[in-house]
Amino acid sequence: MNRLTVCRGCCCGTEKKHPDVDHESQLTRLRAAVGAHRVLVADCLDSCDFSNVVVVRPDTGARQAGARPVWLGGVLSDEVVDGIVGWIADGGPGRTPVPDVLAPNVIARPADQHAS
């Protein structure tokens with residue numbers, strides 16, 4: 001089963017930065033998709049320019065086969081949350097390609113962002 005890391009620190013998940021987003025509803029829907037115990041809420045993932053950030057981690061088998069976590073930024077709409085939920089239902093990273101609806105939201109992990 002996939003795991004998620006959801007940033008909810010200084011920028012992500014805050015009404016101050018994104019007042020038109022129902023952050024709690026997003027978190028509730030993501031927890032329902034994978035199980036609350038499989039959602040880690042992080043204070044900061046060091047990708048504030050891309051808030052809201054969600055990291056979708058592959059399941060164990062996909063990870064052992066070489067799949068890597070996929071970082072998503074701009075998770076600000078129901079459409080994007082629907083895309084994450086649907087992708088997880090289809091298997092997630094390493095099991096099925098990133099859906100077209102999520103492709104614009106794929107970002108580099110912070111270590112890769114700063115490497116250029």
Side-chain angles (χ1 to χ4, degrees):
M1 176 64 82
N2 300 101
R3 293 182 183 269
L4 301 176
T5 302
V6 179
C7 191
R8 287 295 186 255
C10 63
C11 300
C12 294
T14 65
E15 188 175 319
K16 181 177 179 180
K17 185 165 185 178
H18 301 290
D20 297 329
V21 176
D22 186 343
H23 303 284
E24 283 306 311
S25 174
Q26 281 188 348
L27 198 52
T28 297
R29 292 183 61 216
L30 294 171
R31 285 178 169 150
V34 297
H37 64 287
R38 294 187 177 277
V39 177
L40 172 67
V41 177
D43 184 50
C44 186
L45 293 175
D46 196 27
S47 295
C48 299
D49 290 344
F50 302 100
S51 69
N52 288 343
V53 175
V54 174
V55 182
V56 183
R57 300 183 182 284
D59 65 31
T60 302
R63 181 73 181 217
Q64 290 172 344
R68 293 286 171 249
V70 174
W71 287 63
L72 301 169
V75 179
L76 300 170
S77 70
D78 288 338
E79 181 181 37
V80 174
V81 174
D82 289 344
I84 294 169
V85 169
W87 187 32
I88 291 167
D90 290 342
R95 302 283 185 197
T96 187
V98 174
D100 291 343
V101 70
L102 296 179
N105 299 84
V106 174
I107 62 172
R109 65 187 179 99
D112 297 336
Q113 292 171 21
H114 303 299
S116 329

Colleague: Nearest 0.5 angstrom please: Ile88 CD1 to Leu30 CG, how far?
Modeller: 6.5 Å
Colleague: Taking side chain as C-beta onward, heavy atoms only, is Arg31 less than 4.5 Å from Val41?
Modeller: yes
Colleague: State yes or no: do Val80 and Leu27 share one hydrophobic cluster built from I, L, V, M, F, W and Y residues joined by side-chain heavy-atom distances below 4.5 Å, directly or via other members?
Modeller: yes
Colleague: Would you give the length of the straight line joining atom SG of Cys7 to atom CZ of Phe50, rounded to the nearest 0.5 angstrom?
Modeller: 12.5 Å
Colleague: Can you name the residues that form a side-chain contact (heavy atoms from CB on, under 4.5 Å) with Arg63, not counting sequence neighbours?
Modeller: Pro58, Arg68, Pro69
Colleague: Could you tell me which non-hydrogen atom of Ala67 sits nearest to which non-hydrogen atom of Gly94, and how far apart they are?
Modeller: CB-CA, 3.5 Å
Colleague: Enumerate, atom names and distances included, each donor-acceptor pair closer than 3.5 Å involving a side-chain atom of residues 8-19, sequence neighbours excluded.
Modeller:
residue : atom : partner : partner atom : Å
Arg8    : NH2  : Gln26   : OE1          : 3.0
Thr14   : OG1  : Cys11   : O            : 3.0
Thr14   : OG1  : Lys17   : N            : 3.3
Lys17   : NZ   : Cys48   : O            : 3.0
Lys17   : NZ   : Ser51   : OG           : 3.3
His18   : NE2  : Ser51   : OG           : 2.8

Colleague: Taking all atoms of both residues into account, what is the closest heavy-atom pair of Val106 and Leu72, and its distance?
Modeller: CG2-CD2, 3.8 Å
Colleague: Would a hydrophobic clustering, with Ile, Leu, Val, Met, Phe, Trp and Tyr connected at side-chain separations under 4.5 Å, put Val56 with Val85?
Modeller: yes
Colleague: Which heavy atom of Trp87 sits nearest a heavy atom of Thr96, and at what distance?
Modeller: NE1-O, 3.0 Å
Colleague: Is there a path of hydrophobic side-chain contacts, each under 4.5 Å between heavy atoms of I/L/V/M/F/W/Y residues, joining Leu76 to Val101?
Modeller: no
Colleague: Look at the side-chain heavy atoms of Ile, Leu, Val, Met, Phe, Trp and Tyr, link any pair under 4.5 Å apart, and say whether Ile107 and Val70 land in one connected group.
Modeller: no
Colleague: Quick check: closest heavy atoms across Asp59 and Ala62, and the distance to 0.1 Å?
Modeller: OD1-N, 2.8 Å
Colleague: Has Asn2 got a side-chain atom pairing as donor or acceptor with Arg57's backbone, closer than 3.5 angstrom?
Modeller: yes
Colleague: Hey, which of Val6, Val54, Val53 is the one that makes side chain to side chain contact (heavy atoms under 4.5 Å, CB included) with Leu45?
Modeller: Val53
Colleague: Rounded to the nearest 0.5 Å, what separation is found between the CG atom of Asn52 and the OG atom of Ser77?
Modeller: 10.5 Å
Colleague: Salt bridge (Lys or Arg N to Asp or Glu O under 4.0 Å) with Asp82: which residues, sequence neighbours excluded?
Modeller: Arg29
Colleague: So, taking the atom named CG in Leu102 and the one named CD in Glu79, what distance separates them when rounded to the nearest 0.5 Å?
Modeller: 9.0 Å
